[in-house]
Amino acid sequence: MNPLANRPFVKMNGLGNEILVLDLRADPVEVPAAAARALARPSVLPFDQAMVLYPPRRAGTAAFVRILNSDGSFSAACGNGTRCIAALEAERTGAPHALFESEAGLLDCHVRPDGQVEVDMGAPRFDWRDIPLARDVGETAQVIVPGFEALGPASLVSMGNPHTVFFVPDADAVDVEKLGAALEHHPLFPERANISFASLTAPDRILLHVWERGAGRTRACGTAACATGVSAARTGRTGRSVTVTLPGGDLEISWREADGHVLMTGPVEHEFSGTLSPAMLEEAA
């Protein structure tokens, strides 16, 4: 029997970004890529990202988090998923504060009295090696991506995962599926990239559509909202605090000047809980 069978799960979403939570802290086992793909099938437990909780590695943290995309690939960061596990941990402990560790570093979370969850997503990284890119492109705030010159310059940044942000006249008019799928696998991005199309709707508001690497088009992406807010400020389009509107709703993004960290605030929703059955995992071999 698959070692994941009969394990409990929680299905949540952050602004429609579909999140599967597997808490394996009591009895940790690996979640192979094939198991993630099996669970993400439309007839089983379709998700954009799975947040897998393991016993903490560092004192003071609630868990070490591994993040899998629906195609089974790993991601170092997921903002909407982090808000979901923060809300669950607050329910479990009765405390509004939780600190998690991921491949991207520490994630400091606070559940507000109104249920909104704030996550310190850490500092963005701009060096081409950190994003990462295949080569030195010079200033990463404005980069022409070969083959996609018509889109204008992109802002390239890592929020623990690679992001490419295009500012366009009308994000609603962009063919996100066509362009996103092509750009995700562009040779400039050796680890693929999340592709965002953003347009300003007010001095402090941004409309955003996102193609996520390993998941495709999603209704919301927290790290993309962070990358877009940072990119807008970095290129002089906005100040350091903006509201980012995605198809699933709004995220508040603040790029703190004191330490360069990005704070992301938004809602979460609990959909349902259950137990993984052997049938759900039957194509995971």
Side-chain angles (χ1 to χ4, degrees), residues 1-55 62-92 98 100-104 107 109 111 117 119 160-161 194 210-224 246-249 264 266-285:
M1 182 181 294
N2 191 298
L4 288 170
N6 302 316
R7 301 298 186 103
F9 71 84
V10 181
K11 182 67 167 47
M12 303 182 73
N13 77 77
L15 294 180
N17 189 182
E18 298 295 335
I19 304 298
L20 176 65
V21 182
L22 300 176
D23 189 345
L24 303 181
R25 285 177 286 187
D27 185 14
V29 296
E30 182 185 359
V31 180
R37 291 192 294 269
L39 291 173
R41 287 174 293 169
S43 61
V44 184
L45 281 174
F47 63 83
D48 299 317
Q49 280 78 36
M51 309 292 287
V52 187
L53 306 186
Y54 288 104
F64 182 84
V65 187
R66 296 200 79 191
I67 304 165
L68 293 96
N69 297 311
S70 58
D71 70 351
S73 62
F74 285 102
S75 179
C78 176
N80 288 317
T82 301
R83 292 204 318 280
C84 288
I85 61 174
L88 285 178
E89 190 67 9
E91 291 177 12
R92 187 182 74 86
F100 297 96
E101 184 185 5
S102 75
E103 296 289 351
L107 297 163
C109 311
V111 180
V117 183
V119 179
N161 49 6
N194 298 279
V210 183
W211 176 273
E212 291 195 59
R213 65 169 183 173
R217 187 170 188 172
T218 57
R219 289 181 55 76
C221 176
T223 56
L246 299 117
M264 174 199 61
V268 301
E269 182 180 4
H270 184 291
E271 295 183 7
F272 57 91
S273 302
T275 301
L276 299 180
S277 68
M280 291 176 172
L281 297 153
E282 63 185 6
E283 292 186 13

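In this text the structure is predicted, and so the values were computed from the model without any measurement.
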Heavy-atom pair with the smallest gap, counting every atom of Val117 and Ala86: CG1-CB, 3.9 Å
Close side-chain approach of Ser70 to Asp48, heavy-atom, < 4.5 Å: no
By side chain to side chain contact (heavy atoms under 4.5 Å, CB included) - contacts of Pro8 (at least two apart): none
What donor-acceptor contacts under 3.5 angstrom involve side-chain atoms of residues 26-37, with partners at least two apart or in another chain?
{"from": "Asp27", "atom 1": "OD2", "to": "Arg7", "atom 2": "NH2", "distance (Å)": "3.2"}
{"from": "Arg37", "atom 1": "NH1", "to": "Asp71", "atom 2": "O", "distance (Å)": "3.3"}

Over all atoms of both residues, closest heavy-atom pair of Arg217 and Trp211: N-CE3, 3.4 Å
Minimum side-chain heavy-atom gap Met12-Met51 below 4.5 Å: no
Atom of Ala220, atom of Gly14 and distance for their closest heavy-atom approach: CB-O, 3.8 Å
CD-CG distance between Glu271 and Asn13, expressed to the nearest 0.5 angstrom: 4.5 Å
Arg83 side chain reached by Pro267 side chain, heavy atoms, under 4.5 Å: yes
Heavy-atom pair with the smallest gap, counting every atom of Cys221 and Thr218: CB-OG1, 4.3 Å
Nearest-0.5 Å distance that lies between atom CZ in Phe74 and atom OG in Ser102: 13.0 Å
Straight-line distance of Met280 CE to Leu4 CG, nearest 0.5 Å: 12.0 Å
Reported CE-to-OG1 distance for the pair Met264 and Thr223, which is rounded to 0.5 angstrom: 8.5 Å
Sub-4.5 Å side-chain heavy-atom contact between Ser75 and Asn194: no
Shortest non-hydrogen contact from Phe100 toward Ala62: CE2-CB, 3.9 Å
Shortest non-hydrogen separation from Leu281 to Ala38 and the atoms involved: CA-CB, 4.4 Å
4.5 Å side-chain heavy-atom contact, Val65 and Leu53: yes
Interatomic spacing from CD in Glu212 to SG in Cys78 - rounded to 0.5 Å: 6.5 Å
Side chain to side chain, Leu276 and Leu22, heavy atoms closer than 4.5 Å: yes
Side-chain donor or acceptor of Asn161 paired with backbone N/O of Ala76 under 3.5 Å: no
Salt-bridge present (Arg219, Glu18; N to O < 4.0 Å): no
Leu20 side chain reached by Leu68 side chain, heavy atoms, under 4.5 Å: no
Side-chain heavy-atom pair Ser73, Arg213 within 4.5 angstrom cut-off: no
